[in-house]
Novice: 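This is the structure, below, for whatever I ask next.
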There are 2 protein chains.
Amino acid sequence: MKSATIRDVARAANVSVATVSRALNRGETVSMPTRVRVLDAAGALDYVPHSGARSLSTSRTDTIGVLLPDLHGEFFSELIRGIDQATRAHKLHLLLSHSHGDPQEAMAVLKAMRSRVDAMLVMSPYADGALLSGALNGAVPLVLMGGGGDAGAHPSFAIDNRAGAVAITSHLLDAGYRRIGFIAGPADNIEAGQRLSGYRAALAARSIAFEQIVQGDFGERSGFAGAGLLLAAGPPDAIFAANDMMAIGALEALRGAGLNVPGDVALAGFDDIPVARFLDPPLTTAGVPIAEIGRRAVECCIAMVADATGGPGHIFTPELVVRASSGPGKQDRPNGRLIREEV
Amino acid sequence: MKSATIRDVARAANVSVATVSRALNRGETVSMPTRVRVLDAAGALDYVPHSGARSLSTSRTDTIGVLLPDLHGEFFSELIRGIDQATRAHKLHLLLSHSHGDPQEAMAVLKAMRSRVDAMLVMSPYADGALLSGALNGAVPLVLMGGGGDAGAHPSFAIDNRAGAVAITSHLLDAGYRRIGFIAGPADNIEAGQRLSGYRAALAARSIAFEQIVQGDFGERSGFAGAGLLLAAGPPDAIFAANDMMAIGALEALRGAGLNVPGDVALAGFDDIPVARFLDPPLTTAGVPIAEIGRRAVECCIAMVADATGGPGHIFTPELVVRASSGPGKQDRPNGRLIREEV
DNA sequence: TTGTAAGCGTTATCAG
DNA sequence: CTGATAACGCTTACAA
């Protein structure tokens with residue numbers, strides 16, 4: 001069925017298209033009777049304005065574009081949920097895309113989205129802020145999420161990864177663990193770098209010499225492999241994975257090696273994705289208000305569309321979430337037996 | 001920076017706008033030199049076509065609209081990933097929204113999206129197919145995912161929930177469990193209903209009288225509560241949750257009650273979300289090719305845009321995925337001791 | 001309060 | 001091979 005246009009409605013209601021437009025939008029000056037006629041006609045014809053035509057005329061799209069580095073896993077699921085909440089609350093549409101971390105692809109996507117959105121919300125964990133700005137070229141406001149981009153030029157909603165990693169590492173030290181291995185995130189990922197730096201800083205602050213770092217990529221699989229490497233190198237008594245997904249993989253590896261968590265090796269992650277509390281044992285992690293970051297960033301987008309400044313963004317400080325995976329270590333156990341031996 | 005238009009490019013390249021358009025699109029008939037001039041000018045001006053204007057002219061948006069009942073959890077994360085893969089492969093955009101299962105809201109969203117997309121991909125687990133078709137009113141092709149909608153009128157990509165539930169239940173029976181409790185999904189959810197029906201059918205087929213059903217809503221929390229109810233009613237020796245999220249909640253409840261899985265109570269879910277294999281114990285479940293459903297559905301959308309029919313859709317048969325959570329039950333254990341007593 | 005008409009940026013038709 | 005020009009559907013001065 002061919003869609004009705006504003007002309008059809010005008011004809012049906014016996015008014016001009018201008019009157020229809022006025023009656024349907026901010027009907028400043030339309031008499032009650034005509035307004036009713038128009039609304040009835042529009043309803044009867046099942047009229048829906050052509051958004052392209054409208055955006056051509058108003059140069060607004062009522063759409064926020066979102067570019068994420070990935071869509072995999074609960075972290076992004078949460079983030080999208082927060083973003084969706086906010087866009088929906090403001091009756092905006094959500095155009096979603098991702099770039100497997102490839103800057104070239106990210107630029108291409110940004111250009112492709114540019115004419116379809118009022119603002120862009122980008123999570124780019126790489127040092128490509130200039131590229132992104134270039135692709136957008138000031139055509140639409142840009143709001144950043146995560147540590148990447150050049151936060152000076154654009155509002156940025158990020159987390160204090162370093163502080164979070166310091167908190168986790170210090171917590172493990174406080175709990176008595178001394179040999180703490182670290183499964184790092186992707187090498188060129190800014191947030192991953194900050195977490196690594198926090199791990200190191202916390203060790204240095206206590207003059208702990210033991211430091212063991214393996215490379216991961218934020219995926220479960222790499223957590224599994226990373227834990228394997230750490231174990232092979234002489235088991236640490238705790239493993240700190242730079243995100244929860246890798247911690248899940250590490251947990252699997254520890255289990256596979258017949259090691260008890262936290263009895264033999266304690267474990268901690270980062271992000272506090274929803275499933276973290278349902279692991280066995282529940283995972284100690286750095287809690288990040290994932291959905292809220294999305295919400296706030298969208299609201300900043302909206303503000304920028306309105307007044308072009310939109311405010312400064314915000315850095316969220318992760319909250320230390322202690323669960324059983326970093327419970328009492330070996331040295332605290334009664335009579336020193338390994339828990340797994342008791343099974 | 002004000003965006004350049006096709007006229008700016010035309011001026012810069014010393015040609016007409018028609019030539020620019022031809023050179024940039026399927027440039028059937030543009031001489032090499034002019035084409036180069038146009039491309040250069042477009043590049044220099046950082047020209048990006050105004051998608052609204054284009055869609056006004058071509059009556060295509062190069063966008064697929066996606067409406068999901070929810071965005072929460074790994075199931076939808078996976079689904080979106082599959083959808084995104086396909087849209088990206090075809091250089092289409094992805095307009096995402098959701099409707100907390102509220103049919104009225106779903107209709108409103110559909111109407112709002114209608115003029116912005118070439119096709120709609122809807123997962124509606126409720127019996128509101130007619131409403132959806134009504135909201136769209138034939139303006140754009142509609143492809144369904146999941147059991148809802150009226151699959152007769154539109155291509156539908158769904159899973160055989162009943163067969164999956166029969167497979168899980170039969171597997172539990174084969175493993176020696178006789179008192180199998182069921183945590184159901186939302187009452188009005190069609191897929192949930194099919195799973196319930198499969199559970200019952202499998203019990204009936206073996207003439208098992210024991211049947212215990214509690215109401216859930218597909219969320220972790222309801223799985224936790226549901227398991228609590230089942231335990232209070234006299235512990236079953238196995239629990240089958242209608243999806244993995246509820247199984248995760250149930251696992252938590254069992255753990256909290258000091259029960260061993262599968263030693264005291266076996267557990268099974270449905271969907272095989274990625275995290276299922278990382279639970280402890282890994283979860284027995286009905287494997288559904290979540291991402292593939294998304295991909296295939298998008299491809300069907302594309303086909304429908306092209307030739308208006310797009311083919312019949314597809315019913316996927318879930319695969320029984322047996323993991324440790326439904327391992328040997330009590331009766332198979334050496335000397336009949338509860339495993340948890342050994343701990 | 002209502003109507004007329006000028007854009008908005010593209011594509012496509014039709015001449016040249 | 002290229003250039004005018006008419007849509008496409010809507011909003012918004014400007015007139016009436």
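Note that the structure is predicted; figures quoted are calculated from it, not measured. Heavy-atom basis, side chains included; hydrogens, waters and symmetry copies ignored. Chain A is the first sequence line, chain B the second, and so forth, proteins listed ahead of strands; every chain is numbered from 1.
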Novice: Produce a footprint string for nucleotides 7-16 of chain C: one letter per nucleotide, 5' end first; B if the base is under 4.0 Å from any protein heavy atom, S if only the sugar-phosphate is, - if neither.
Specialist: BBBBBBB---
Novice: Could you state the CZ-P distance from B:Arg11 to D:dA4, rounded to the nearest angstrom?
Specialist: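 Nearest whole value for this atom pair: 13 Å.
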Novice: Measuring from atom OG1 of B:Thr58 to atom CG of B:Asp118, what distance do you get when rounded to the nearest 0.5 angstrom?
Specialist: 8.0 Å
Novice: Could you tell me if the side chain of B:Val15 sits less than 4.5 Å from the side chain of B:Val38, heavy atoms only?
Specialist: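 Heavy-atom side-chain distance check passes, below 4.5 Å.
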Novice: If the threshold is 4.0 Å, N to carboxylate O, is there a salt bridge linking B:Asp40 and B:Arg35?
Specialist: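 Here B:Asp40 does not pair with B:Arg35 in a salt bridge, since their nearest N and O are not under 4.0 Å apart.
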Novice: Does a side-chain N-to-carboxylate-O contact under 4.0 Å join A:Lys111 and B:Asp46?
Specialist: yes
Novice: Whole Å only: how far is the CG atom of B:Asn14 from the C1' atom of D:dC1?
Specialist: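 Roughly 16 Å, once rounded to whole Å.
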Novice: Classify the nucleic acid contact of A:Thr34 as base, sugar-phosphate or nothing, counting any heavy atom under 4.0 Å across all strands shown.
Specialist: sugar-phosphate
Novice: Kindly state each residue pair satisfying side chain to side chain donor-acceptor pair (under 3.5 Å) with at least one member in residues 64-76 of chain B, sequence neighbours excluded.
Specialist: A:Glu78-B:His72, A:Arg81-B:His72
